[in-house]
Amino acid sequence: MISFTLDEDQRQIQDMTRKFAAEELRKIARDCDEKGAVPEELLAKSWELGLVTNAVPEKYGGYAFARSIVTGTIMAEELAYGDLSLALAITSPALFVMPLMEMGTEEQKDKYLPTFCKGSFQAATLALMEPRVQFHVGDLRTTAVDDGDKFLLNGEKCCVPLADQAEWVLVLAASNKGAGPAGVDAFIVPKGTRGMKVGEREWYMGIRPLPVFPLSFADCEVPKENRLGGTRGINYMRLINLSRIILSAMAVGVSRASLDYCLTYAKERYAFGEPIASRQAIAFMLAEMAMETDGMRILNWKAAWKADRGEDCTKEAYLSRSYAAAQTMKITDYGVQVLGGHGYIREHPVEMWLRNGRGFATLEGLAMA
Amino acid sequence: MIDFELPPGAKLARKMVHGLSEGTFRKLSRYYDSYEHEHEEVKELKAMAPMIRGGGGLGGGAKKEKPKDGAPKAERKGTGGASLVAVVAAEELAWGDAGLMLAVPGGGLGNAAINAVATPEQKERFGTRFAAMAITEPGFGSDSSAVATTAALDQKTNEWILNGEKIFVTSGKQCDVVVVWATLDKSKGRPAIKSFVVEKERPGIKVTKLEHKLGIRASDTASIVLEDCRIPYDNILGSAEIKPEEGFKGVMKTFDNTRPLVASMALGVSRAALDFTIETLEKDGIRVRYDAAPHQMTAVEKEIAECEANLEVARLLTWRAATMMDEGLRNSLEASMAKAKAGRAATLVTQKCVELLGPLGYSTRWLVEKWMRDCKINDIFEGTNQIQMLIIARNILGFGREQLK
């Protein structure tokens with residue numbers, strides 16, 4: 001029955017991730033942004049939280065917690081509240097694990113899942129985006145051609161997190177071009193496979209600590225058994241929807257970070273003899289930030305709730321993503337504006353959140369639950 | 001646990017009220033809009049009144065259900081699902097026609113106020129009467145602490161004597177009783193403002209003017225003058241005691257209940273416009289593709305999708321505020337968020353719908369232009385959008401009136 005309140009389990013997970021985000025992510029966020037790197041120790045430490053493996057069934061070595069997309073959004077928001085780039089980095093193996101759990105064959109799960117349950121960070125990733133102005137998830141140009149006992153992959157990918165160290169890359173490619181999303185398959189490509197080249201690290205306006213790479217495929221041979229889901233294939237739109245939902249939850253986290261920072265700042269910063277928060281021009285911006293942060297969170301929960309029920313949530317995920325992207329842009333922009341000149345200076349985090357916030361209208365396939 | 005499944009009662013109310021709304025309101029919509037003050041009283045609505053009172057109109061909200069024995073404390077204070085049913089039903093009524101919805105006897109804001117704070121004895125006396133709400137005066141609008149209408153106690157007869165002028169009283173002409181905000185002592189400020197139920201049959205209460213409005217024309221908006229109007233002592237809602245520490249809380253509490261209802265009204269009207277626009281565009285071969293490439297989506301598709309997202313956000317914020325009310329939780333912040341978001345989003349959606357339908361959207365042959373006119377009031381009454389933003393800001397900053405004017 002209708003409820004806008006977290007249950008006890010969700011509350012615990014929220015507390016845990018919130019604490020972790022405050023202690024481990026936020027404190028080093030600026031430093032990581034300047035250096036453009038994620039500390040190795042952080043990946044190790046975060047792995048202990050079991051963010052990626054808790055939901056893996058026991059027979060593969062996991063803890064068999066009930067997997068819930070709603071709970072995933074709660075975690076994602078908290079982590080991104082700490083820092084978006086670090087949140088994306090520490091959850092990046094989920095990009096491989098979650099599709100495998102949901103859509104892999106028994107053999108594939110047997111083969112890959114136990115590796116992730118051995119106790120130390122195991123890099124694995126997903127390659128979806130392609131370097132084109134008109135990139136769209138429904139029109140992938142990376143192709144997979146059936147070549148008897150194998151598939152041949154050809155094409156270009158970009159913005160693939162941790163591709164340099166990933167043991168496996170889940171590559172999304174059109175196996176039936178012209179069929180749109182229905183003609184997309186996912187292929188498990190092991191590190192070092194001939195024909196797959198990891199390019200020079202890329203740099204984006206935001207998410208600077210997250211190491212992201214371009215990948216190119218030239219007649220890259222992938223064995224038949226590496227097609228995710230076997231002959232059944234995958235539900236590609238569901239993967240896209242899950243990614244959109246979790247990324248939108250992270251957008252909520254980034255927005256809330258900006259809001260909270262501004263609330264404190266606007267009460268402490270005096271102008272004309274009173275806190276700037278005492279002026280409606282500032283106070284109304286803060287009110288709008290708060291209202292829209294709540295709004296985008298609930299809209300996102302609704303999409304996640306639908307995804308948990310196994311229903312088609314393409315429309316909800318689309319609306320949640322477009323709404324979250326637009327609002328996060330506005331909120332993080334206000335975030336800089338409330339601080340005025342100080343907001344533009346890198347001593348404060350709001351400019352970083354603006355750069356990170358701009359990504360949500362663009363990024364696809366960077367988070368999963 | 002986060003869940004969006006409406007309880008069976010709300011689902012049923014939605015279905016029933018929708019049918020009623022579609023079958024009764026839509027046929028009358030244009031007529032009552034065109035003949036604002038020339039029509040007879042809306043007979044069809046009298047018949048609807050008992051059904052609406054069950055949990056539809058604005059007056060339906062916050063009916064406190066009897067607490068179950070042994071229920072946890074929070075549950076006792078709550079409205080046990082009634083608020084959610086009320087907002088869901090209100091959306092459907094307004095989807096049919098917002099003006100007519102306001103004109104349904106018993107569906108007024110005065111009834112909401114009575115339901116929220118009346119004693120059982122008062123509920124007995126006024127519960128079945130159509131109650132309007134009289135707050136605004138010629139001298140103030142949003143600043144409701146400036147109430148100049150006075151209530152003086154005649155010790156000999158134990159009656160209140162009311163004097164003053166009220167404007168913008170929704171259903172002021174049609175109603176049976178008026179809930180009047182008046183001050184016991186102007187020098188004592190906000191805590192001295194109380195609400196009183198004044199029966200229209202009392203000598204000294206008179207409807208002096210009917211407004212001509214942009215929209216919601218089926219619902220009359222009246223000026224009311226009180227001249228030495230005497231009412232029994234027991235017609236006061238709440239306590240007569242002036243408690244400085246309580247400030248304005250008593251009377252303002254009504255708004256926590258009515259703001260989500262107004263938000264629902266906004267949603268209903270704008271959903272009517274958006275539903276109609278989407279259907280009409282589909283007949284013209286235009287469909288929104290939620291899976292299309294961003295560079296290939298048309299401007300129309302993007303605008304429709306944006307409207308849909310905004311209304312859904314407003315709806316969920318509204319349901320949240322109502323659910324909190326049902327659970328007995330303080331919801332002032334959430335109620336204002338719902339009202340601010342819904343009032344604004346709905347206003348923009350209806351304006352957009354007129355534009356998207358070209359010359360026919362602007363024409364009176366369809367109802368879209370009327371819905372745009374009707375919808376605008378939701379961004380104004382029960383606290384303008386700007387007042388809501390002020391409340392939200394004070395809440396999140398922890399600021400009082402003095403710190404944020």
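Values reported hereafter were calculated over all heavy atoms of this structure, with side chains retained and with hydrogens, waters and symmetry mates removed.
- When the shell of 6.0 Å around NZ of B/K11 is examined, it contains more than 12 heavy atoms from other residues, nucleotides or ligands.
- Other residues, nucleotides and ligands contribute over 12 non-hydrogen atoms within 6.0 Å of the CZ atom of A/R132.
- A heavy-atom distance below 4.5 Å is found between the side chains of B/P7 and A/I2.
- Taking CD of A/E288 as the start and CZ of B/R344 as the end, the distance is 10.0 Å to the nearest 0.5 Å.
- The shortest distance between side-chain heavy atoms of A/Y323 and B/V313 falls below 4.5 Å.
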**Request:** Begin with the C-alpha distance, continue with both residues' side-chain angles, and end with the deciding distance and a verdict on side-chain contact (heavy atoms from CB on, under 4.5 Å) for B/Y290 and A/L319.
**Result:** CA-CA 8 Å; B/Y290 300 96; A/L319 291 178; 4.2 Å; yes

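- Salt bridge present: B/R320 and A/D294 bring a charged side-chain N and a carboxylate O closer than 4.0 Å.
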**Request:** Check the pair B/E308 / A/K315 against side-chain contact (heavy atoms from CB on, under 4.5 Å), numbers first and verdict last.
**Result:** CA-CA 10 Å; B/E308 287 190 292; A/K315 180 179 172 183; 2.9 Å; yes

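- In terms of heavy atoms, A/F4 sits closest to B/F4 at CE2-CE2, 3.8 Å.
- More than 12 heavy atoms of other shown residues, nucleotides or ligands fall within 6.0 angstrom of atom CD in B/Q351.
- Per-residue heavy-atom pair counts under 4.5 Å with chain A were compared for B/L316, B/L6, B/N310, and the maximum is reached by B/L316.
- Both the backbone and the side chain of A/W301 come within contact range of chain B, with heavy atoms under 4.5 Å apart.
- Summarising the local packing, CD of A/Q14 is surrounded by more than 12 heavy atoms from other residues, nucleotides or ligands at distances under 6.0 Å.
- Here the CD1-CG distance, from A/I240 to B/D291, works out to 11.5 Å after rounding to the nearest 0.5 Å.
- Annotation: side chain of B/P294 is in contact with side chain of A/H136 (closest heavy-atom distance under 4.5 Å).
- The residues B/E5 and A/R309 are annotated as salt-bridged, a charged nitrogen and a carboxylate oxygen being separated by less than 4.0 angstrom.
- Atom CG of B/L84 and atom CE of A/M1 lie 8.5 Å apart (nearest 0.5 Å).
- Contacts between A/Q280 and chain B at a heavy-atom distance below 4.5 Å involve backbone atoms as well as side-chain atoms.
- Among A/G138, A/S68, A/P181, A/A283, the residue making the largest number of heavy-atom pairs under 4.5 Å with chain B is A/A283.
- Note: A/T5 leads A/L6, A/T5, A/T314 in heavy-atom pairs under 4.5 Å with chain B.
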**Message:** Could you go through A/E316 and B/E312, starting from their C-alpha distance and side-chain angles, then the distance that decides it, and tell me whether this counts as side-chain contact (heavy atoms from CB on, under 4.5 Å)?
**Reply:** CA-CA 10 Å; A/E316 287 78 7; B/E312 183 68 358; over 6 Å; no

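- Using a 4.5 Å cut-off on side-chain heavy atoms (C-beta onward), B/I392 and A/F284 make no contact.
- Formation of a donor-acceptor pair under 3.5 Å by the B/D3 side chain with backbone atoms of A/S3 is not found in this model.
- In this structure, the side chains of A/R279 and B/L404 stay at 4.5 Å or more apart for every pair of heavy atoms.
- A 4.5 Å side-chain heavy-atom check between B/Q296 and A/Q134 finds at least one atom pair inside the cut-off.
- When heavy atoms are compared at a cutoff of 4.5 Å, A/V133 approaches chain B by way of both its backbone and its side chain.
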**Request:** Dump the intermediate steps for side-chain contact (heavy atoms from CB on, under 4.5 Å) on B/F399 and A/K267, then the final yes or no.
**Result:** CA-CA 10 Å; B/F399 275 9; A/K267 283 203 270 191; 3.5 Å; yes

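- Within a 6.0 Å radius of CE in B/M16, no more than 12 heavy atoms belonging to other residues, nucleotides or ligands are found.
- The side-chain heavy atoms of A/E292 and B/K341, taken from C-beta on, include a pair separated by under 4.5 Å.
- B/R289 CZ: more than 12 foreign heavy atoms inside a 6.0 Å radius.
- In terms of heavy-atom pairs under 4.5 angstrom with chain A, the leader among B/A10, B/A340, B/A293, B/P8 is B/A293.
- Between atom CE of residue A/M285 and atom CE of residue B/M389 there is a gap of 11.0 Å, rounded to the nearest 0.5 Å.
- The CG atom of A/N300 lies 11.0 Å from the CD1 atom of B/I2; values are rounded to the nearest 0.5 Å.
- In this structure, CE on B/M337 lies 9.0 Å from CD1 on A/I298, to the nearest 0.5 angstrom.
- Here B/L390 is the residue among B/L390, B/N395, B/L333 with the most heavy-atom pairs under 4.5 Å with chain A.
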